[in-house]
Amino acid sequence: MCGIVGYIGKRNNAADIVVNGLKRLEYRGYDSAGVAAIQDGGMHVLKRAGKVNDTEELLRSTPLTSGLAIGHTRWATHGNPTDLNAHPHSDNLNEIALVHNGIVENYQVIKAKLLKEGYTLRSETDTEVLTVFIRSLYDKLGGDLVEATRLALTEVRGAFGIALISTLEPDKIIVARRGSPLLVGIGDGEFIVASDAAAVIQHTRQVIFLEDNEMAIVSHTGYKTKTIDNRTINSRIHQIEYDLESIEKGGYDHFMLKEIYEQPSTFRDAFRGRLLEDEGRVRLGGLSRVAEKLRNAPRIIFTACGTSFHAALVGEYMIEQLARIPVEVEYASEFRYRNPVLREDDVIFAISQSGETADTLAAIREAKLKGASALGIVNVVGSTIARETEAGVFIHAGPEIGVASTKAFTSQLCVLSLLALYLGRMRDLSRKEGIEIVKAIQKIPDQIESILAQAETIREIAQLYKDSPNFIYLGRGYNYPVALEGALKLKEISYIHAEGYPAAEMKHGPLALIDEHMPVVFIATQDELYEKVLSNIEVVRARRGRVIAIANEDDDRITELADHVITIPNTLPHLTPVLSVLPLQLLAYYIAVLRDCNVDMPRNLAKSVTVE
Ligand code: M6R
């Protein structure tokens, strides 16, 4: 949520470098953007409401020559997305500029104190309060920007990732974090600070990740790290694995479409090197140190948000079926506050694409506090959740830029199916059953290809229904979470109201919504609940609802019942969601495109939600 970039180094186009970095982070927030650079000893701030391109235009008309700059792309929390509320914010004398991700919870208290002391504030943001607060401490100390920043941060409650520069000490960028990611990229005679590695890899792959309550002072020649309570630390240098290509559109119109089409290979990457076909089992190296705990776990809890939560629901069904371990799935935002009952031998898995979702992170911290083992199923290596969990499995989907999660979902399902097999084989699942599952997993990438080949049919269906104000998605068993996911995809990128339900729940209320104008998407694959789903379809048809069915290739019966059928190949029931979700991703995508919506940057949303 929000993106930060900063540059200090040998080049004199720091502002351009920062703006280019912001473009790579725009998926994290796109309400406003801005850049601050020190040129000829003066602070220059260019910012405006709108996309990074608008700030780039400003920069084109007012070029800045500087070796030191910071910038920000904003997802508004405090204050409307206006020019004035855009970051960077500066102090009253325009000598300190600061960008901030997160929320300063006690900003009203600090603000009152500053106003009493005679400082003035122009915007409605907590960030400006923090900037002026640092200035006030600097004045009181009679200098020393690092100490003033450090002292201010010890008083701040809430979450922050910040970067600041100042004409008072124009030889450094100060960065700090609590609850909001930040890293320092180490280049050749230059350093790039950022909230996300995507802004850095064009310049360097060597980074240090700040941990919570740490700060870094980055100069032209090096960096120092310490804790906000003033202890010196040695931060380890990490190597970023992915390349530039993976964060570019590569000829596709949108990142979302590119990511949908990457799924044959991302799914394969999620199981690559992990299947032991002859033994009908899997090797999950990331879990080896907790294998005994998992063998004895009386219960597994999944906690997650959004799409990752839907993957967790599928995981629940998978593990209960294959391993017979009771599983609970909890919204992280609920779990963290409701004082859950946890036992020491409970195992909790956080599922997160970004590894930075604030609620999910807080949920595992709460679980750890209560003695449970916290493990992760995460995409981003080096993310906070990956670092704070005892063990886990990476999904290896590569960077996901589209705000609507697609490839991460199918890769999460892949890893959850591996986990279910891993746990099942530790218990009652036979080698023969294991081999059958492994074989089915290996077939999935080709099966995904065959579904993607139907894109044109799906686009035609999208054309017919793009103006419907409402949609209902229905599925049962493994396909119920898919119904939820299909509805989420549609609402987040096309702004059409959509609901997902277990199909049989229709008759308990939502059936009242059905008339000839209501498109109902049924996920009706041939599993043990198939006949029941056909009856549910009959009920909808009897009320003249328009039926779009996702069905198996050899299903003749469904063509008589549904207005439109999109087919998927047969697989094992617990792997079906990987296939049945694909037409729903494409349907949402095409409807959004046909409605002229900004697919990759839907209104009001941001890619990773690092605030509560
Ligand atoms: O990074 P995470 O998986 O923790 O993110 C969780 C949700 O914020 C995310 O899945 C969100 O719901 C997506 N925009 C859905 O497409």
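Start at 1 with the first residue, then count along the sequence.
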Option passing side chain to side chain contact (heavy atoms under 4.5 Å, CB included) with I385 (candidates V378, N379, I377) = V378
note = Taking every heavy atom of T360 against every heavy atom of T303, the minimum-distance pair comes out as CG2-O, 3.9 Å
ask   = With distance as the sole test, does K491 use its side chain to make a donor-acceptor pair with the main-chain N or O of A498 at under 3.5 Å?
value = yes
request  = Could you please spell out the steps behind the salt bridge (Lys or Arg N to Asp or Glu O under 4.0 Å) verdict for K370 and E366?
outcome  = CA-CA 6 Å; K370 293 186 154 61; E366 182 67 23; 2.5 Å; yes
key: Residues, nucleotides or ligands: over 12 heavy atoms within 6.0 Å of R283 CZ   = no
side-chain contact (heavy atoms from CB on, under 4.5 Å) between I537 and R541, intermediate numbers included = CA-CA 6 Å; I537 295 179; R541 273 177 57 87; 4.2 Å; yes
task = Kindly say whether D359 contributes a backbone atom to a donor-acceptor pair with the side chain of T357 at under 3.5 angstrom?
result = no
inquiry  = For P502, is there any backbone N or O sitting under 3.5 Å from a side-chain donor or acceptor partner on E505?
reply    = no
inquiry  = Within this structure, what is the CG-OH distance for the pair N479 and Y473, rounded to the nearest 0.5 Å?
reply    = 14.0 Å
inquiry  = Exactly one of K407, Q263, E485, K489 should register a side chain to side chain donor-acceptor pair (under 3.5 Å) with Q585. Which one does?
reply    = Q263
query = Can you check side-chain hydrogen bond (donor to acceptor under 3.5 Å, both in side chains) on Q321 and Y478, steps first, answer last?
reply = CA-CA 11 Å; Q321 186 196 333; Y478 282 109; 2.4 Å; yes
query = Judged by modelled atom types alone, do Q353 and T307 share a side-chain donor-acceptor pair under 3.5 Å?
reply = no
inquiry  = Keeping R324 on the side-chain end and E320 on the backbone end, is there a donor-acceptor pair under 3.5 Å?
reply    = yes
task = Assess whether salt bridge (Lys or Arg N to Asp or Glu O under 4.0 Å) is satisfied between E279 and R431, documenting all intermediate values.
result = CA-CA 6 Å; E279 297 169 46; R431 176 167 166 269; over 6 Å; no
request  = Measure across G355 and S352 and return the closest heavy-atom pair with its distance rounded to 0.1 Å.
outcome  = N-OG, 2.8 Å
key: E334, CD atom: more than 12 neighbouring heavy atoms under 6.0 Å   = no
task = Would you indicate whether the side-chain heavy atoms of L579 and P569 approach each other to under 4.5 Å?
result = yes
request  = Determine whether more than 12 heavy atoms belonging to other residues, nucleotides or ligands lie under 6.0 Å from atom CG of D554.
outcome  = yes
request  = Please step through side-chain contact (heavy atoms from CB on, under 4.5 Å) for the pair D555 and T525, ending with a clear verdict.
outcome  = CA-CA 9 Å; D555 186 345; T525 52; over 6 Å; no
ask   = For the residue pair A332 and C305, what are the closest heavy atoms and their distance?
value = CB-SG, 3.9 Å
request  = Measure the shortest side-chain to side-chain distance between I437 and L429 over non-hydrogen atoms and say whether it is less than 4.5 angstrom.
outcome  = yes
task = Taking the six-membered ring of Y422 (Phe, Tyr or Trp), confirm whether the NZ or CZ of R281 is under 6.0 Å from its centre and within 45° of its axis.
result = no
request  = Would you check if the side chain of S265 reaches a backbone N or O of E262 as a donor-acceptor pair within less than 3.5 Å?
outcome  = yes
ask   = Strictly by modelled atom types, are H254 and D600 linked by a side-chain donor-acceptor pair under 3.5 Å?
value = no
message = Applying salt bridge (Lys or Arg N to Asp or Glu O under 4.0 Å) to R24 and E248, what does each step give before you reach the verdict?
response = CA-CA 9 Å; R24 300 213 182 272; E248 289 182 337; 3.2 Å; yes
ask   = What is the distance from atom CD of E499 to atom CZ of F471, rounded to the nearest 0.5 Å?
value = 13.5 Å
Heavy-atom pair with the smallest gap, counting every atom of Q412 and A311 = OE1-CB, 3.4 Å
message = Determine whether a donor-acceptor pair (N or O, by modelled atom type, separation under 3.5 Å) exists between the side chain of D212 and the backbone of G179.
response = yes
inquiry  = Check this for me: R338, atom CZ, are more than 12 non-hydrogen atoms of other residues, nucleotides or ligands nearer than 6.0 Å?
reply    = yes
ask   = Is it the case that S535 and E538 place a side-chain donor and acceptor less than 3.5 Å from each other?
value = no
request  = Assess whether atom CD of E456 is packed by more than 12 heavy atoms of other residues, nucleotides or ligands within 6.0 Å.
outcome  = yes
message = Go through it in stages, so that I can follow the logic: the residues are F302 and V327, the test is side-chain contact (heavy atoms from CB on, under 4.5 Å), and I'd like the CA-CA distance, side-chain angles, deciding distance and then a yes or no.
response = CA-CA 7 Å; F302 287 124; V327 178; 3.6 Å; yes
Full working for side-chain contact (heavy atoms from CB on, under 4.5 Å) between H574 and L572 = CA-CA 6 Å; H574 77 277; L572 295 175; 4.0 Å; yes
key: For Q454, the option from L586, T567, I568 that meets side chain to side chain contact (heavy atoms under 4.5 Å, CB included)   = T567
key: A455 versus Y261, closest heavy-atom pair with distance   = CB-OH, 3.2 Å
request  = Consider only side-chain N and O atoms of H564 and Y465, and report whether a donor and an acceptor are under 3.5 Å apart.
outcome  = yes
message = Is it the case that atom NZ in K507 sees more than 12 heavy atoms from other parts of the structure closer than 6.0 Å?
response = yes
query = Any side-chain heavy-atom pair from E316 and E328 closer than 4.5 angstrom?
reply = no
task = Please test K293 against E344 for salt bridge (Lys or Arg N to Asp or Glu O under 4.0 Å), starting from the C-alpha separation and ending with a verdict.
result = CA-CA 10 Å; K293 248 180 213 166; E344 223 175 277; over 6 Å; no
